[in-house]
S.K.: 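Encoded as structure tokens, here's the structure I'll be asking about.
Quick note on labels: first sequence line is chain A, next is B, and so on, each numbered from 1. Since the structure is predicted, the reported quantities are computational estimates derived from the model, not experimental observations.
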Amino acid sequence: MTGDLLGAVTAPPARVRVQLPLPLPEPYDYKVPGDMALVPGSYVEVPLGPRRLFGVVWGDGDAQGGVEERRLRPVLRHIDLPPMPDVGRRFIEWVAAYTMAPVGAVLRMAVSVSAALEDPRALTAYMRAGDDLPDGLRLTPARRRILDLLSDGPPRLAADLAAEAGCGPAVVRGLAEAGVLATVPMLALPRFPRPDPDANPKPLSGAQRLAADDLAGKAAAGGYSATLLDGVTGSGKTEVYFEAVAAALRAGRQALVLLPEIALSAQWLDRFADRFGVRPAEWHSDMAPPLRRHTWRAVARGEARVIVGARSALFLPYPDLGLIVVDEEHEAAFKQEDGVIYHARDMAVARAHLGRIPIVLASATPSLETLVNAETGRYARIDLPSRHGGASMPDVTLIDLRRKEQAPPARQWLSPVLREALSQTMLAGEQGMLFLNRRGYAPLTLCRGCGHRLQCPNCTAWLVEHRLSRRLQCHHCGYQARSPDACPQCEAEGSFVACGPGVERVAEEVATLFPDARVALMTSDTLAGPRAMREVIEQVKAGAIDLLIGTQVMAKGHHFPLLTLVGVVDADLGLSGGDLRAAERTFQLLHQVAGRAGREERPGRVLLQTHMPEHPVMQSLAAHDRDSFLAIESEQRRQLEMPPFGRLAAIIVSGEDEQAVDAAAAALGRRAPREREDLTILGPAPAPLAVLRGRFRRRLLLKGPKGVALQPILHDWLSVVDVPASVRVQVDIDPYSFL
DNA sequence: AGCACGCCGACT
DNA sequence: GTCGGCGTGCTC
């Protein structure tokens with residue numbers, strides 16, 4: 001104002017580049033109101049067309065090359081939060097460049113709840129509206145469970161109720177709409193008390209102490225380092241990296257622990273609380289939006305000091321991250337397969353590098369990638385021996401299903417040897433476990449009359465019969481249907497035959513073999529919530545269960561002291577399919593499952609049913625020789641120049657119009673950079689799931705030597721091919737799943 | 001990612 | 001004659 005009166009030259013209105021959480025090709029410029037003090041990283045609200053959006057100031061506006069002044073619209077609001085630190089923005093840009101995603105698409109993950117920046121709002125909790133139920137209320141089983149949960153206890157969040165009852169949050173809202181439940185604002189949002197690094201330190205073995213001191217020293221000193229913490233289950237990896245977390249806390253910095261499946265880690269949270277006095281901040285995708293927002297802000301403000309979460313926790317706006325731990329670093333769950341396709345473990349290493357902080361990769365069965373990095377010296381390595389001396393692994397026996405006397409009877413799946421072992425185990429008052437990584441009753445249902453196979457209408461996949469829920473399910477898209485009475489093709493009634501086993505079918509066989517055994521089924525279908533999981537675990541520990549039957553959710557680290565026998569119903573499952581990492585993954589999974597048998601004083605044994613006992617995976621498991629398996633696997637990859645000895649990228653072309661997809665894939669194939677001798681191009685070929693969720697899919701694969709960055713090659717390649725908007729082209733750098 | 005604009009089929 | 005399908009393009 002005074003400037004005008006004095007005739008002074010008024011500075012042109014300041015202009016900033018704002019990155020919006022949208023897949024735009026570049027940030028947009030906005031005009032800064034005179035009284036607004038913005039810095040790079042400031043969170044702002046800006047207009048975009050008719051909408052108001054949150055964004056992040058990415059730098060100064062571009063007065064020369066950018067849009068003309070008169071088109072600029074003003075920043076509406078400066079959000080009252082500490083700005084996103086420089087390293088956070090550089091990380092987002094790095095991930096965008098690496099994964100070939102727009103920066104805005106990566107930013108979208110970082111402000112992952114769309115309303116992350118909105119002012120805090122109370123959570124909505126639900127409680128019983130009264131004791132009586134209205135007439136005509138349909139009391140479905142899910143509704144019944146919700147009401148039971150609320151019959152005793154305080155009002156609860158819809159997401160928590162849904163998780164415990166094993167249904168969707170819509171059921172809770174439906175009950176509220178029906179007037180059965182009332183909503184109340186829940187004022188007690190979790191506060192994030194500071195974990196105390198000295199609350200309850202655990203006694204450590206000599207080897208643990210050395211490892212812990214090493215990692216704690218790195219965390220205290222800061223600076224980039226990557227360390228593989230390699231130790232079998234029961235070697236005390238968690239206690240060791242807890243000391244690194246403690247050191248980061250003492251240094252006044254935040255720590256992040258990435259776990260593959262936060263939902264299954266109630267035990268982990270208990271151990272953390274025991275060590276540090278309070279629970280850490282949790283971050284995962286099925287948190288209620290208000291809780292996500294609350295947690296996000298607590299991280300941004302630096303109030304949350306230790307965050308444990310699934311892969312998306314990597315993108316939280318840490319103002320002062322001082323340590324990253326990736327536990328179970330070999331887990332495929334770290335690979336995000338939709339939207340921005342990335343591997344959280346690899347991105348975490350990049351984040352540590354950018355932030356100049358240490359990262360710890362922990363595993364009992366490290367990935368080949370990580371092992372090779374440790375061997376070449378890129379990563380430091382700490383080997384943690386078992387606390388129980390050398391013999392931590394149980395006795396592993398292979399059952400050769402090709403031999404007549406070892407094969408199970410027709411339409412049954414447990415061999416005589418395994419049956420006998422189960423029987424002995426239970427007679428001895430010990431517990432057994434049967435592992436089959438296949439949900440449902442049977443993976444394939446066909447008509448005896450005409451041979452028709454029940455297939456998903458949206459995917460190239462058979463429908464899996466689930467007898468417990470009396471439904472057919474597609475495990476790829478979630479399609480469900482009631483089992484038909486008659487064959488849809490030949491209309492014969494009652495002509496269906498179940499082919500192959502799922503865990504439900506194994507449970508049926510067990511019920512006829514051991515009618516008196518107390519059996520628990522552990523699959524993602526039966527363990528819908530953390531409560532269900534905890535209940536089964538308690539029952540097993542209390543000895544109220546004789547036999548556990550389940551899929552990989554059962555394989556995760558639970559300590560069952562009475563469990564001495566593990567039977568793997570089909571050890572070969574997962575080896576077929578031509579997946580690059582099939583053998584590696586099968587080894588990791590079976591190793592983990594085998595580790596469930598025999599803890600503490602009781603020796604355990606493992607029986608693996610297989611059709612290929614000579615396979616390196618089986619041989620290594622039987623001989624307790626991880627290194628020989630890795631050597632064979634590593635040599636094969638080296639010869640094929642496959643990762644980690646070469647680089648791989650997949651191009652996935654998909655769309656609802658098969659011809660358009662084929663045409664686009666063919667066009668990409670024609671323009672492939674075939675002139676370069678160091679590159680190999682495969683495809684286009686139908687993706688293994690040629691139709692997924694109603695979309696046709698074709699794949700191309702680009703392989704190059706280790707030293708060559710594939711992104712610029714892909715960029716040039718894709719830029720010369722015109723693809724109609726109805727066809728989507730995705731790039732998957734370092735593909736894991738070949739689906 | 002939204003949302004509008006814009007050209008071709010089945011209805012009040 | 002309109003209502004509405006979603007293909008293409010824009011948003012600082």
S.K.: Sequence neighbours excluded, which residues qualify as ring pair (Phe, Tyr, Trp, His ring centres under 6.0 Å) partners of A:F696?
M.R.: none
S.K.: Would you say the side-chain atoms of A:R17 pair up with the backbone N or O of A:E26, donor to acceptor, closer than 3.5 Å?
M.R.: no
S.K.: Donor-acceptor pairs are to be reported for all side-chain atoms of residues 165-173 of chain A against protein atoms at under 3.5 Å, with residues two or more places apart or in another chain.
M.R.:
none

S.K.: Please name all residues satisfying side chain to side chain donor-acceptor pair (under 3.5 Å) with A:R143, sequence neighbours left out, ordered by chain then number.
M.R.: none
S.K.: Not counting sequence neighbours, which residues clear side chain to side chain donor-acceptor pair (under 3.5 Å) with A:R698? List them please.
M.R.: A:E658, A:D662
S.K.: For nucleotides 2-5 of chain B, list the nitrogen or oxygen atoms of the protein found under 3.5 Å from its nitrogen or oxygen atoms, one pair per line.
M.R.:
unit_1, atom_1, unit_2, atom_2, d
B:dG2, OP1, A:R51, NH1, 3.0
B:dG2, O4', A:R51, NH1, 3.2

S.K.: Considering only heavy atoms of chain A and a distance under 4.0 Å, specify the first and last nucleotide of DNA chain C in 5' to 3' order that meet this criterion.
M.R.: C:dT8 to C:dC12
S.K.: Classify the nucleic acid contact of A:L20 as base, sugar-phosphate or nothing, counting any heavy atom under 4.0 Å across all strands shown.
M.R.: nothing
S.K.: How would you list all residue pairs meeting side-chain hydrogen bond (donor to acceptor under 3.5 Å, both in side chains) that involve residues 342-352 of chain A, not counting sequence neighbours?
M.R.: A:E329-A:R345, A:Q336-A:Y342, A:R345-A:S367, A:R345-A:Y736
S.K.: Which is true for A:P47 with a 4.0 Å heavy-atom rule: it touches a base, it touches only sugar-phosphate, or it touches nothing?
M.R.: sugar-phosphate
S.K.: With sequence neighbours excluded, what pairs up with A:H715 under the ring pair (Phe, Tyr, Trp, His ring centres under 6.0 Å) test?
M.R.: none
S.K.: Could you tell me which residues satisfy ring pair (Phe, Tyr, Trp, His ring centres under 6.0 Å) with A:W462, sequence neighbours excluded, listed by chain and number?
M.R.: none
